[in-house]
Protein chains: 2
Amino acid sequence: MTFKKSIIIYGLAMALLMGLLKFFEYRFFVRDMTLELYLGLVAVVFIALGAWIGWRLTHKKTVTAVSIDSFSLDADELKRLGITKREYEVLENIALGLSNQEIADKLFVSTSTIKTHLSSLFLKLDARRRTQAIQKAKELRILP
Amino acid sequence: MTFKKSIIIYGLAMALLMGLLKFFEYRFFVRDMTLELYLGLVAVVFIALGAWIGWRLTHKKTVTAVSIDSFSLDADELKRLGITKREYEVLENIALGLSNQEIADKLFVSTSTIKTHLSSLFLKLDARRRTQAIQKAKELRILP
DNA sequence: CGCGAATTCATACTTTCGGCCGATTGTATT
DNA sequence: AATACAATCGGCCGAAAGTATGAATTCGCG
């Protein structure tokens with residue numbers, strides 16, 4: 001459904017571009033436009049199209065996700081805070097209301113490990129309690 | 001750091017592309033390659049570059065601003081669950097990440113009272129931990 | 001007024017959390 | 001090889017959270 005639609009849209013866009021190409025080609029021969037300028041125009045147009053396609057392809061999913069829960073993780077914020085994958089997993093799970101033991105079982109590690117990850121998280125989020133960590137994470141938009 | 005790196009990478013890619021452009025231009029004049037073929041090549045290359053840039057730019061950091069926090073407290077739900085005013089105040093404050101002591105100070109009562117309210121809340125929300133209570137309250141849309 | 005619900009508090013007890021150590025392993029990076 | 005970091009685990013200890021129980025108030029409402 002969505003895929004077919006995309007194909008059609010991209011096809012139409014391509015056709016339009018090809019038309020533009022021909023148009024410019026015509027002007028090229030008529031007005032003796034310089035080759036460099038012509039190429040520059042083509043390059044700019046196609047780089048824009050490419051960027052647009054890239055954006056569409058990678059943002060399709062995000063857009064639908066947004067309509068569902070209006071949340072998209074900001075990976076930069078995570079990097080800025082130095083929060084690792086494993087730490088983030090623990091963060092997600094305390095936000096679900098799980099205890100250290102439950103998270104340990106879920107992630108197949110010991111509670112000691114969970115505690116270590118939590119301690120790191122508290123440092124990085126400047127929190128003293130798990131509830132505070134959840135709150136701050138939501139403010140920073142790294143949790144829904 | 002990462003930003004600067006990106007700039008450099010993009011710059012190098014651009015330079016490379018420009019070199020290719022010149023190379024093809026040269027071949028165009030020498031070998032009398034058809035204009036269409038030349039343009040096609042340019043188009044393909046730049047569309048690829050554009051797609052790549054688009055992918056990089058959007059995949060790196062997912063920024064989604066939209067979310068018109070439309071939260072309206074459902075008083076009916078509170079009544080249905082039998083949650084009292086005071087209990088709800090405590091619920092709000094644990095969601096802010098406060099400790100029992102902090103809530104007690106804020107509401108001018110003792111921690112014993114906070115604990116009592118929390119126990120009632122846990123019963124009514126079917127939770128065993130404050131984090132779980134917060135999670136369930138959000139699911140029930142009685143907390144933003 | 002009197003009844004029930006809400007709010008308050010306390011004491012004793014168990015469980016969970018969090019801080020503060022230290023340690024090992026594996027994986028990149030240099 | 002050396003350095004850095006992520007991920008793992010453990011012990012100890014005090015603080016916080018949560019359970020159970022009982023009881024004293026205050027407040028709304030018929």
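Bear in mind that the values here come from a model prediction, so they are computed numbers and not experimental data.
For the segment residues 104-113 of chain A, residues with any heavy atom less than 4.0 angstrom from an atom of DNA chain D are, sorted by number, A/Val109, A/Ser110, A/Ser112, A/Thr113.
With a 4.5 Å cut-off on side-chain heavy atoms, B/Leu118 and B/Asn100 count as touching.
Note on A/Lys106 versus A/Glu89: no salt bridge recorded, every NZ/NE/NH1/NH2 to OD/OE distance being 4.0 Å or above. A salt bridge does not link A/Glu139 with A/Lys136: every distance from a Lys NZ or Arg NE/NH1/NH2 to an Asp or Glu carboxylate oxygen is 4.0 Å or more. Between A/Arg128 and A/Asp126 there is a salt bridge, with a side-chain nitrogen of the basic residue lying less than 4.0 Å from a carboxylate oxygen of the acidic one.
The CD1-P distance, from B/Ile83 to C/dT7, rounds to 12 Å in whole Å. Between B/Tyr88 atom OH and C/dA5 atom P there is a gap of 24 Å when expressed in whole angstrom units. For A/Ile94 and C/dT16, the CD1 to P distance is 17 Å, given to the nearest whole Å. Rounding to whole angstrom units, CD of residue A/Glu89 and P of D/dA7 are separated by 9 Å. The distance between atom CD of B/Glu87 and atom C1' of C/dA6, rounded to the nearest whole Å, is 8 Å. Note: CD1 (B/Ile103) to C1' (C/dT7) measures 16 Å, nearest angstrom. When rounded to the nearest whole Å, the span between CG of A/Leu121 and C1' of C/dG19 equals 15 Å.
For the residue pair A/Thr116 and A/Thr113, no side-chain donor N or O sits within less than 3.5 Å of a side-chain acceptor on the partner.
Grouping the Ile, Leu, Val, Met, Phe, Trp and Tyr side chains by contacts below 4.5 angstrom, directly or via other members, places B/Leu96 with B/Val109.
To the nearest 0.5 angstrom, B/Ile103 atom CD1 is 6.5 Å from B/Ile94 atom CD1.
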For nucleotides 16-25 of chain D, which of its nitrogen or oxygen atoms have a protein nitrogen or oxygen under 3.5 Å away, and what is each distance?
from	atom 1	to	atom 2	distance (Å)
D/dA17	OP2	B/Asn100	N	3.2
D/dG18	OP1	B/Arg130	N	2.8
D/dG18	OP2	B/Arg130	NH1	2.6
D/dG18	N7	B/Lys115	NZ	3.1
D/dG18	O6	B/Lys115	NZ	2.9

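Between B/Gly97 and A/Arg129, the shortest heavy-atom distance links the atoms O-NE, 3.0 Å. When all heavy atoms of B/Leu107 and B/Arg86 are compared, the closest pair comes out as O-NH2, 3.2 Å.
Proximity of B/His117 to the phosphate of C/dT8: a side-chain N or O atom is located under 4.0 Å from OP1 or OP2.
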